[in-house]
Amino acid sequence: MAGSALAAGVLTVAASLSLGLAAVGGAAVTAQRAAGAADAAALAAADASSGAIVTGEEPCALAARVAAASRATLVSCVLDGLVATVQVESAYAGLAAVSRARAGPPEGF
């Protein structure tokens with residue numbers, strides 16, 4: 001009887017640790033996805049504003065579409081000449097992962 005209680009306790013602890021690790025892993029993946037979405041959106045906006053790519057969309061509208069393709073939401077988009085600064089948000093289990101990125105020509109160009 002005592003062995004059964006010990007085994008049940010060990011299984012409960014193992015299951016709890018597994019669920020906790022899965023939650024942390026999912027949050028880490030979401031944070032990386034948000035960072036990638038921000039990078040891609042900033043590059044798209046900077047390329048559109050510089051004329052490097054030809055599109056009928058405004059640079060920030062293109063950035064929003066690129067972020068949405070990565071399952072993220074564009075929160076802000078600011079163009080300063082040829083430099084684009086964006087902020088995106090992605091959700092996981094009710095928590096928001098926020099990432100910012102900036103793209104454009106090198107300084108002094």
Side-chain angles (χ1 to χ4, degrees):
M1 191 69 134
S4 297
L6 178 63
V10 168
L11 286 175
T12 301
V13 169
S16 297
L17 287 175
S18 296
L19 288 174
L21 288 174
V24 169
V29 167
T30 301
Q32 289 301 311
R33 187 177 64 221
D39 289 342
L43 286 168
D47 284 348
S49 69
S50 71
I53 57 172
V54 178
T55 180
E57 292 180 274
E58 292 293 321
C60 289
L62 180 61
R65 192 164 53 93
V66 168
S70 297
R71 294 183 300 182
T73 304
L74 184 69
V75 175
S76 71
C77 177
V78 177
L79 292 173
D80 183 19
L82 300 177
V83 177
T85 305
V86 300
Q87 180 175 332
V88 302
E89 183 176 284
S90 186
Y92 175 75
L95 301 174
V98 177
S99 186
R100 292 181 190 92
R102 182 178 143 164
E107 289 185 25
F109 186 128

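In this chain, residues are counted from 1 in sequence order.
- Heavy atoms of other residues, nucleotides or ligands lying less than 6.0 angstrom from CZ of Arg100 number 12 at most.
- Minimum heavy-atom separation, Leu82 to Ala46: O-CB, 3.9 Å.
- A distance of 11.5 Å separates CD in Gln32 from OG in Ser90, rounded to the nearest 0.5 Å.
- Val88 and Ala34 make their closest contact through CG2-O, 3.3 Å (heavy atoms, listed as atom of the first residue, atom of the second, distance).
- Between Thr30 and Ala97, the closest heavy-atom pair is CG2-CB, 4.0 Å.
- Separating the CD atom in Gln87 from the CZ atom in Arg102 is a distance of 15.0 Å, to the nearest 0.5 Å.
- For the residue pair Ala45 and Ala63, the shortest heavy atom distance occurs at CB-CB, 4.0 Å.
- Side chain of Ser70 to backbone of Ala72: no donor-acceptor contact under 3.5 angstrom is found.
- One finds the CG atom of Asp47 at 11.0 Å from the OG1 atom of Thr55 (value rounded to the nearest 0.5 Å).
- Minimum heavy-atom separation, Ala41 to Val66: N-CG1, 3.8 Å.
- Scanning both residues, Ala44 and Ile53, for their nearest heavy atoms gives O-CD1, 4.2 Å.
- Val86 is listed as a side-chain neighbour of Leu74, based on a closest heavy-atom distance under 4.5 Å.
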